[in-house]
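As structure tokens, the structure follows; a few thoughts come after it.
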Amino acid sequence: MPQITPIVFVVDDDVSVRESLESLIRYEGWQPQTFCSADEFLDHPRAATASCLVLDLTLPGLNGLELQERIASDRSEMPIIFISGYGDVPKTVRAMKAGAVEFLTKPFSNDDLLSAIRQAIERSQSTIVEQNEIRQIRQRRATLTPREREVMDLVVSGLLNKQVGAELGISEITVKAHRGKVMEKMKAESIADLVKMAEKLRSARVSGGQSHSPPEA
């Protein structure tokens, strides 16, 4: 399957900035998509590949920080690079604390922007891989019977077969049978693999509740 070119979204109300960045991004081999406002960007469907957002802080209507807050949960795979004509320390701190990968003050060098974009795209790619893996683990877990889920939860907590049996009121032989089915359905090669899967599911719940998987390409 051919690799899809990463997308660099640009939201800036200055047409000259949009045109300049569009040329720079395309020259570097990425796919630029530019917008003059946050609302125009929000009307655009989510990317089906690695992406990042170059976002002006000051925009008509919804500003950059408000847009960052709006998309924090449903576009977590798309890192944000802020650009601004003003060196506003409080807003810079707020943007970085909310997860922005960089905050550049205009005029900035092409090298600084390109470096930030590369970093953002690498993060996006890693996040997409992780989200896809978690989605697959969830799909496998959904195939388990209620009893198999109980056995899995107790096994990954560190209990031995005999202890699991005592906890559930079933024989050790029955526990072994259920555990074998769990390993097969979860495609785990070892208990260590199973523990890692359970931890990834737990971390996903803690960090984002029902985390959003990226759309299929």
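Residue indices begin at 1 and follow the sequence shown. Computation of the quantities below employed the complete heavy-atom set of this structure, encompassing side-chain atoms and omitting hydrogens, waters and symmetry-equivalent molecules.
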| request: List the steps, then state whether side-chain contact (heavy atoms from CB on, under 4.5 Å) holds for Glu130 with Arg135. | output: CA-CA 9 Å; Glu130 181 179 351; Arg135 180 178 59 187; over 6 Å; no
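- Annotation for Pro6 and Gln125: closest pair CG-NE2, 4.3 Å, computed over non-hydrogen atoms.
- Nearest heavy atoms, Ile134 versus Ala204: CD1-CB, 3.8 Å.
- Heavy-atom minimum distance, Ala120 versus Pro79: O-CG, 3.2 Å.
- Under the 4.5 Å side-chain heavy-atom criterion for ILVMFWY residues, no single connected hydrophobic cluster contains both Val129 and Met197.
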| field | Ser51/Gln31 under side chain to side chain donor-acceptor pair (under 3.5 Å): CA gap, chis, key distance, verdict | value | CA-CA 9 Å; Ser51 64; Gln31 179 184 345; over 6 Å; no
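- Residues Leu62 and Leu42 are in side-chain contact: their nearest non-hydrogen atoms beyond the backbone lie under 4.5 Å apart.
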| query | Would Lys91 and Phe82 satisfy side-chain contact (heavy atoms from CB on, under 4.5 Å), going step by step from the backbone distance to the final call? | reply | CA-CA 10 Å; Lys91 290 180 179 178; Phe82 274 97; over 6 Å; no
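- Looking at Ser203, its side chain does come within 3.5 Å of a backbone N or O of Glu199 through a donor-acceptor pair.
- Note: the hydrophobic cluster containing Leu144 also contains Ile191 (ILVMFWY, side chain heavy atoms under 4.5 Å, direct or indirect links).
- Cation-pi geometry between Arg46 and Phe41 is not met: the NZ or CZ atom fails to fall both under 6.0 Å from the ring centre and inside 45° of the normal.
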| said: With side-chain contact (heavy atoms from CB on, under 4.5 Å) as the criterion, how do Leu168 and Leu154 come out once you've worked through the C-alpha distance, each side chain's angles and the decisive distance to 0.1 Å? | reply: CA-CA 9 Å; Leu168 298 178; Leu154 293 173; 3.7 Å; yes
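- Side-chain atoms of Ser16 and Asp14 form a donor-acceptor pair, as typed in the model, at a separation below 3.5 Å.
- Under the side-chain hydrogen bond (donor to acceptor under 3.5 Å, both in side chains) criterion, the residue pairs touching residues 167-181 are Asn161-Arg179, Ser171-Thr174, with sequence neighbours excluded.
- The CD atom of Gln131 sits 12.5 Å away from atom CD of Gln136, with the distance rounded to the nearest 0.5 Å.
- Applying the side-chain hydrogen bond (donor to acceptor under 3.5 Å, both in side chains) test to every pair with at least one member in residues 182-197, sequence neighbours left out, gives these pairs: Glu148-Lys185.
- Closest approach of Gln68 to Ala95, counting heavy atoms only: NE2-O, 3.1 Å.
- Atom CD of Glu102 and atom CD of Gln119 lie 7.0 Å apart (nearest 0.5 Å).
- Atom CD of Glu66 has more than 12 neighbouring heavy atoms from other residues, nucleotides or ligands inside a 6.0 Å radius.
- With values rounded to the nearest 0.5 angstrom, Arg26 atom CZ is found 11.0 Å from Thr5 atom OG1.
- No side-chain heavy atom of Thr49 sits less than 4.5 Å from a side-chain heavy atom of Ile128.
- Side-chain contact between Ile137 and Glu133 is present, with at least one heavy-atom pair separated by less than 4.5 Å.
- Between Asp56 and Arg18, no side-chain nitrogen of the basic residue sits less than 4.0 Å from a carboxylate oxygen of the acidic one, so the salt-bridge criterion is not met.
- Salt-bridge annotation for Glu122 and Arg118: absent, with no side-chain N of the basic residue lying under 4.0 Å from a carboxylate O of the acidic one.
- With hydrogens and angles ignored, the 3.5 Å screen pairs a side-chain donor or acceptor of Ser23 with a backbone N or O of Glu19.
- Put simply, CZ on Arg138 and CZ on Arg205 are 8.0 Å apart, with the number rounded to the nearest 0.5 Å.
- In the hydrophobic clustering, Val54 connects to Val8, Val10, Val17, Leu21, Leu24, Ile25, Trp30, Ile81, Ile83, Val101, Leu104, Phe108, Leu113, Leu114, Ile117, Ile121, either directly or through intervening members, whenever side-chain heavy atoms lie under 4.5 Å apart.
- In this structure, a donor-acceptor pair under 3.5 Å is present between the side chains of Ser109 and Asp112.
- With contacts defined as side-chain heavy-atom distances shorter than 4.5 Å, the pair Val93/Phe103 does not qualify.
- Shortest non-hydrogen contact noted between Val175 and Val151 is O-CG1, 4.4 Å.
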| query | Could you go step by step and tell me if Arg141 and Asp153 meet the salt bridge (charged side-chain N to carboxylate O under 4.0 Å, His left out) rule? | reply | CA-CA 11 Å; Arg141 182 175 168 81; Asp153 291 343; 3.4 Å; yes
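- To the nearest 0.5 angstrom, Phe9 atom CZ is 9.5 Å from Ile71 atom CD1.
- In terms of heavy-atom proximity, Asn63 sits nearest to Leu65 at OD1-N, 3.1 Å.
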| task | Applying side-chain contact (heavy atoms from CB on, under 4.5 Å), run through Leu53 and Val11 and close with a yes or a no. | result | CA-CA 8 Å; Leu53 171 60; Val11 180; 3.6 Å; yes
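- Separating the CG atom in Leu67 from the CG atom in Asp39 is a distance of 9.0 Å, to the nearest 0.5 Å.
- At a threshold of 4.5 Å between side-chain heavy atoms, the hydrophobic network of Ile, Leu, Val, Met, Phe, Trp and Tyr places Met96 and Met78 in one connected group.
- Side-chain atoms of Lys106 and Asp12, non-hydrogen and from C-beta on, do get closer than 4.5 Å to each other.
- Val195 and Leu160 fall into different hydrophobic clusters, defined by Ile, Leu, Val, Met, Phe, Trp and Tyr side-chain heavy atoms under 4.5 Å apart, directly or through other members.
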